[in-house]
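The next block holds one structure in the form of structure tokens; read it before the comments.
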Amino acid sequence: MGAFISWIQDALAKNGGENQDGSSSSLSGMISTLVPVLVLSAVYFVIWLIARRSQTRFYEPRAYLGSLRPYQRSPALPNKGWFDWIGPFWRIPDETTLRHQSLDAYLFIRYLKVCAIIAFVSLCITWPILFPVNATGGGTLKELDILSFGNVDKDTHKNYFYAHCFVGWAVYGFIMYMITRELIFYVNIRNAFFNHPNYAQRISSRTVLFTNVPEDYLNESRLHVMYPGLIRQIWIAGDVKELEEDVKKRDETALKLEKGHVSLIKAVNKARAKEMKKKGGDASEEEQVQVARDAETGNIASRWVPDKKRPSHRLGFLGLLGKKVDTIEWGRSELKESIPKVQAAQDAYLAGNYKKVPAVFIEFNTQSDAQNAYQRVTHHTALHMDPKAVGIQPQDVIWKNLGLPWWQLVIRRYAVYAAVTALIVFWAIPVAIIGVISSVNTIKSLPGLTWIGDIPPVILGVVSNLLPSVALAILMSLVPVFMRGFSHLAGAKTNTEAELFCQQAYFVFQVIQVFLVRSISNAFTESIVEIAQDTSKVLPLLSENIPKAANFYISYFIVQGLTIAIGTLTQVVGLFVFRLLYKYLSGTPRALFQKWTSLAGVLWGSILPVYTNIVVIGITYSVIAPLMLFWSTLGLFLFYLAYRYNMIFVSQTTVDTKGLIYPRALKQLFVGVYLGELCIFALFIIATAPGPAVLMAAFIIFTILYNITLLKTFAPLLRGLPNSLDAESQLAAGHLGTAGGANPAIDLQKAEAAEKGTNGNGASASNGANGAHANGESAGAPTVAKQGNIFQRFLKPWIYSDYHVLQKLIPTDDSSDINTMSVEAASRAYLPPAAYTPVPNLWIPEDIAGVSKQEIAETSKIIPITDEGCTLDAKNTMHWDEENARPPVYTEKPEY
């Protein structure tokens, strides 16, 4: 070790001790990152302003697509001018996403807004106090670093640390209040949403999934005994692995046959058009007679396309090896065998002839009955008929995991925990490399790296600031794929469970790798030269350089807040890819329809941890390096605007967790509070400031106790519905009673409040969150003026955002559309899709030569096929009704 230190010291002597005079590149680094990011963001935004006027399908599909139900469509924005959309967009309430999309989408954009408020208020608390304190702290730091904690000299200005202590109390106390406030809001909005007829009348709201069911309870009679008179339907899950493979093979063969038909029709059409062009345009009378004769003899295609040029493929690996076959003839032959085989297997399953697995779906008569069954202990033996899930959509079920026994779930869970831990640990290697790259101004003094000093400062600034930030963002995008895969291996029964697992695991990954490893590696890299000269300076140097590590995150926030936020809104690359895929790579009518009507999906487990980590970083550095709060506030606000636009007009929720992502994200903010408090406490210890250290230690204990109490208080309310909602519903409907010794005066007071449109505490029933007006009104409830000022609404969420107030956010005019479902659809709601999925209806374009009619005549003997709703012109371009978007292959999906 001594030889290593001597080696570095000799190198420093030769290089004149560069970078050891307290110089800083924080300002130049920030500018080096900001300028190219601003230019790129401006270019993207200008392209978006131009493109959104003509590319309505891509930039405003939720207001345009005919395949959406009326209640799923958003109000259209004006697009005649460049900026005439800004006012209408700003006036659209956030609650629009709640009415037209999902509870998750609404809570997500609310989360971004709440986090932006946290960052802004923290900025208002810290800047007026800590900027003067840090700037006059007697330190030797330069540029923007003088505004950080590290510029306070521990020997001459030790009392300055009290300012950091009490400001930390204020900031972290406010954050804890905001978490509490939003948990109250979440419980009330969730109760209002679930208790509304739009949701309460759905099958999913009344259905409970029981897993790990003992074999003797896989019996409908026994289950009816458990819940006498409460059960409407029972679905006992079965093993459909073999059936799923058969259905998948059948459908793949059908779609391959469809593609073969389309290829043949296009080949004939192209050859015919070429021949007609040689003859001068339109078909002659002789040509028309020949076409009619070919149609009668079944030789239209063979006249224009020889047999060797008909659509074909190979049966081997990836269609590259093996025997070569005619795609159409092969497809017909395969389907002639597979369709009856699959149908027989499906009939057998529906008749009850299948191997049962330990999982049961029970639909109860009412949502209240389902909630009572969900919240009660079901079985007298541990790990049996548990875990349970309520309110799950059929498409949300991971059917292959229903058959896993409880002991295998335990093993899988801990194996996955080990795998996630290993991934986090070993991922530190590339992240640490990125951290070293961002500190090139320091490591250029080390032996063998002095050539870095010859690089122009502008390029060096980009390499050390912009490049690491972009590289880190790309690296992190790969992680959710692994985490989601791990959740399935762990035995997740639903996609909601898998998404929540991904959200939790990816957040841990983000905090450790993007934040902690990066901060520690940066602080150590900045200090390694001086530590090598004097090892006794380890702690003082770390206390000085940990705040300076915020410089990297300023660049990270600039990249995230400007480039990524603008990119999320504009999606310039996405527009190019969409037009390319739709115009050139969608070779069948079905592909055109699917590409045109498929909205961009949002996976909460992939995006929420990223923004939660950004907030955690901002919270941690809010007192240590408060300058970061400006970029944190700006970035989060831009993300709020970008995702607000996307959630209202562009995207759709891929996995609907019914709001469960929100309390988990809120509770994760405590990580930032703990890290911030511990960092300040450690810095006080290093600075030998016992007074501030003791005060901060006391506040850490208070935070722990508050956190424990908060979690214990809200835990029962985050997943289940309280029984009191039934009474509240009757109250709202006017069914009031005084049974059980209730006070008639209280009932009368509540009745008068209900008639006046208030909640009995002066809160208007037309107020939304924070008193925001909501367009959706409950039936029969009059609209009244807002009650309470902005501070009262903010400080008393239990009054101004209570259950009765938030009921007004839920629309009431869509329940008839949402809950219309056929008896057949209801009876198969929780059957595995493989047990009833019919053979696909093939869709091919109609051509002038009549090949489509000829192919339909032959193929329809085996599988349904049509050429309605799509035509092929002379240029081989397919045309279909994009505006209506309801072709023959369209099926209305039931709202379970």
Side-chain angles (χ1 to χ4, degrees), residues 59-65 67-77 89-90 92-116 182 185-186 188-194 196 198-199 202 204 391-393 395-396 480 495-496 499-500 502-503 565 568-569 571 597-612 636-666 768-770 772 774-776 806 808-811 814 818 893 895-896:
Y59 287 120
E60 210 173 326
R62 297 194 69 91
Y64 176 80
L65 284 180
S67 58
L68 296 175
R69 291 183 172 96
Y71 69 87
Q72 294 175 321
R73 298 187 188 181
S74 300
L77 292 176
F89 170 67
W90 189 257
I92 294 176
D94 291 350
E95 292 77 23
T96 300
T97 53
L98 183 63
R99 301 188 190 100
H100 299 293
Q101 193 177 145
S102 69
L103 181 60
D104 278 350
Y106 169 66
L107 291 175
F108 173 61
I109 60 176
R110 181 180 178 89
Y111 178 71
L112 293 177
K113 180 170 69 174
V114 166
C115 289
E182 288 307 303
F185 175 86
Y186 167 75
N188 288 328
I189 190 67
R190 181 177 183 272
N191 290 342
F193 181 84
F194 282 5
H196 194 278
N198 281 15
Y199 180 80
R202 295 183 179 183
S204 60
I392 58 174
Q393 301 272 346
Q395 64 269 22
D396 195 33
N495 289 316
T496 293
E499 208 61 22
L500 293 174
C502 182
Q503 180 188 1
T568 299
L569 173 67
Q571 301 182 67
T597 58
S598 296
L599 298 175
V602 177
L603 290 168
W604 308 118
S606 300
I607 63 173
L608 253 176
V610 175
Y611 304 117
T612 303
L636 288 167
F637 181 69
L638 291 176
F639 275 122
Y640 163 70
L641 292 179
Y643 276 106
R644 185 175 184 270
Y645 182 93
N646 280 357
M647 290 297 124
I648 295 175
F649 296 107
V650 181
S651 304
Q652 70 176 355
T653 300
T654 303
V655 177
D656 187 5
T657 71
K658 302 296 188 299
L660 291 175
I661 56 170
Y662 194 54
R664 176 158 296 190
L666 290 173
N770 307 328
N775 293 333
L806 297 184
K808 296 293 179 176
L809 299 181
I810 316 298
D814 301 324
I818 291 176
K893 295 180 180 179
E895 287 283 356
Y896 291 111

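Predicted, not measured: the structure shown is a model, and the values here were computed from it.
Contact check for Leu599 versus Leu68: side-chain heavy atoms found under the 4.5 Å cut-off. Between Ile607 and Val602, the closest side-chain pair of non-hydrogen atoms falls below 4.5 Å. Residues Pro75 and Thr96 form a side-chain contact, since some pair of their non-hydrogen atoms from C-beta on lies under 4.5 Å apart. Side chains of Gln393 and Arg202 form a contact here, defined as non-hydrogen atoms less than 4.5 Å apart. No side-chain heavy atom of His100 sits under 4.5 Å from any side-chain heavy atom of Ile648. With contacts defined as side-chain heavy-atom distances shorter than 4.5 Å, the pair Thr568/Leu638 does not qualify. Looking at heavy atoms from C-beta onward, Leu107 lies in side-chain contact with Ile189 at the 4.5 angstrom threshold. When side chains are defined from C-beta on, Arg62 does not count as touching Val650, because their heavy atoms never get closer than 4.5 Å.
Applying the ring pair (Phe, Tyr, Trp, His ring centres under 6.0 Å) criterion to Tyr640, with sequence neighbours excluded, gives no partner residue. Partners of Asp94 by salt bridge (charged side-chain N to carboxylate O under 4.0 Å, His left out), not counting sequence neighbours, listed by chain and number: Lys113, Arg644.
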Would you sort out whether Glu895 and Tyr199 count as a side-chain hydrogen bond (donor to acceptor under 3.5 Å, both in side chains), showing the intermediate values?
CA-CA 10 Å; Glu895 287 283 356; Tyr199 180 80; over 6 Å; no
Applying side-chain contact (heavy atoms from CB on, under 4.5 Å), run through Gln571 and Asn646 and close with a yes or a no.
CA-CA 10 Å; Gln571 301 182 67; Asn646 280 357; 3.8 Å; yes
Before you tell me yes or no, could you show the steps for Tyr106 and Tyr111 under side-chain contact (heavy atoms from CB on, under 4.5 Å), namely the whole-Å CA-CA distance, both residues' side-chain angles and the distance that decides it to 0.1 Å?
CA-CA 9 Å; Tyr106 169 66; Tyr111 178 71; over 6 Å; no
Pair Tyr643, Thr97 - check side-chain contact (heavy atoms from CB on, under 4.5 Å), show working.
CA-CA 11 Å; Tyr643 276 106; Thr97 53; over 6 Å; no
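Residue Ser67 holds its OG atom at 8.5 Å from CD of Gln72, rounded to the nearest 0.5 Å. Annotation: the span from Leu608 atom CG to Cys502 atom SG amounts to 10.5 Å, rounded to 0.5 Å. Rounded to the nearest 0.5 Å, atoms CG (Leu103) and CZ (Arg190) are 9.0 Å apart. Distance check, rounded to the nearest 0.5 Å: CG of Leu641 to CG of Leu112 gives 10.0 Å. Between the CG atom of Leu660 and the OG1 atom of Thr496 there is a distance of 7.5 Å, given to the nearest 0.5 Å. One distance of note links CZ of Phe193 with OG of Ser102; it measures 7.5 Å at 0.5 Å rounding.
Of all non-hydrogen atoms in Glu499 and Trp604, the two that sit nearest each other are OE2-N, 3.4 Å. Considering all non-hydrogen atoms of both residues, Pro480 and Ser606 come closest at CB-OG, 3.4 Å. Nearest heavy-atom pair, Cys115 versus Leu636, reported as atom, atom and distance to 0.1 Å: O-CD1, 3.6 Å. In plain terms, the two heavy atoms of Ala565 and Ala642 that are nearest each other are O-CB, 3.4 Å.
Here salt bridge (Lys or Arg N to Asp or Glu O under 4.0 Å) pairs that include residues 647-662, with residues two or more places apart or in two chains, are Asp656-Lys658.
With hydrogens and angles disregarded, no donor-acceptor distance shorter than 3.5 Å links the side chain of Thr612 to the backbone of Ala665. With hydrogens and angles disregarded, a donor-acceptor distance shorter than 3.5 Å links the side chain of Gln503 to the backbone of Ile661. Judged by distance alone, the side chain of Asn188 and the main-chain N or O of Leu806 form no donor-acceptor pair under 3.5 Å. The backbone N or O of Met647 sits nowhere less than 3.5 Å from a side-chain atom of Ser651 that would complete a donor-acceptor pair. Between the Gln101 side chain and the Thr653 main chain, a donor and an acceptor come within less than 3.5 Å of each other. Asp396 places a side-chain N or O within 3.5 Å of a backbone atom of Asn495 that can act as its donor or acceptor partner.
Using a 30° and 60° split on the angle between ring planes, Tyr662 and Tyr186 fall in the tilted class, from 30° to 60°.
Under the 6.0 Å cut-off for aromatic ring centres, Tyr59 and Phe649 do not qualify, their centroids lying 6.0 Å or more apart.
Remark: Arg110 is positioned above the aromatic ring of Phe185, its terminal NZ or CZ atom under 6.0 angstrom from the ring centre and at most 45 degrees off the axis.
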